[in-house]
A.B. asks: 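One structure is given below, represented as structure tokens, and several questions about it will come after.
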Amino acid sequence: MHDRTIEAALPMPDSPGRLFTDAQLHARACIVCGRPSGELLRAGHVRTEVRPGEHLVWAVVACPEHRGAAS
Ligand SMILES: [Zn+2]
């Protein structure tokens with residue numbers, strides 16, 4: 001069963017208008033720049049609001065140059 005909750009980029013409640021891609025939310029790309037390859041480091045978590053009052057928390061990664069900015 002495919003997980004449909006991650007098919008679209010989700011709005012970030014803390015950053016209005018900012019969208020993250022499926023790859024970013026699944027730790028396959030830098031959460032800041034979206035770089036999908038190279039060294040990716042754990043960068044904490046982001047929270048997305050899928051519906052008012054309903055949130056998902058994602059463990060995300062960042063490339064070395066953006067790791068500090070993402071946490
Ligand atoms: Zn980056």
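Numbering of ligands and ligand atoms starts at 1, following listing order. Only heavy atoms go into these numbers, but all of them, side chains included; no hydrogens, no water, no symmetry mates.
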A.B. asks: Using a cut-off of 2.8 Å, how many protein N, O or S atoms lie below it in distance from the Zn ion (ligand 1)?
C.D. replies: 4

A.B. asks: Between R67 (side chain) and R42 (backbone), is there a donor-acceptor pair under 3.5 Å?
C.D. replies: yes

A.B. asks: As an exercise, state the distance from NE2 of H45 to CG of L25, rounded to the nearest 0.5 Å.
C.D. replies: 12.5 Å

A.B. asks: Could you tell me which non-hydrogen atom of C63 sits nearest to which non-hydrogen atom of L40, and how far apart they are?
C.D. replies: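 Answer, listing the atom of C63 first, then L40: N-CD2, 3.9 Å.
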
A.B. asks: Output side-chain donor-acceptor pairs under 3.5 Å for residues 29-37, partner residues at least two apart or in another chain, one line each.
C.D. replies:
| residue | atom | partner | partner atom | Å |
| --- | --- | --- | --- | --- |
| R35 | NH2 | E65 | OE2 | 2.6 |

A.B. asks: So, taking the atom named CG in L41 and the one named NE2 in H66, what distance separates them when rounded to the nearest 0.5 Å?
C.D. replies: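 Spacing of CG (L41) from NE2 (H66) equals 12.5 Å.
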
A.B. asks: Under the rule for salt bridge (charged side-chain N to carboxylate O under 4.0 Å, His left out), what residues qualify as partners of R28, not counting sequence neighbours?
C.D. replies: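 R28 satisfies salt bridge (charged side-chain N to carboxylate O under 4.0 Å, His left out) with D22 once adjacent residues are dropped.
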
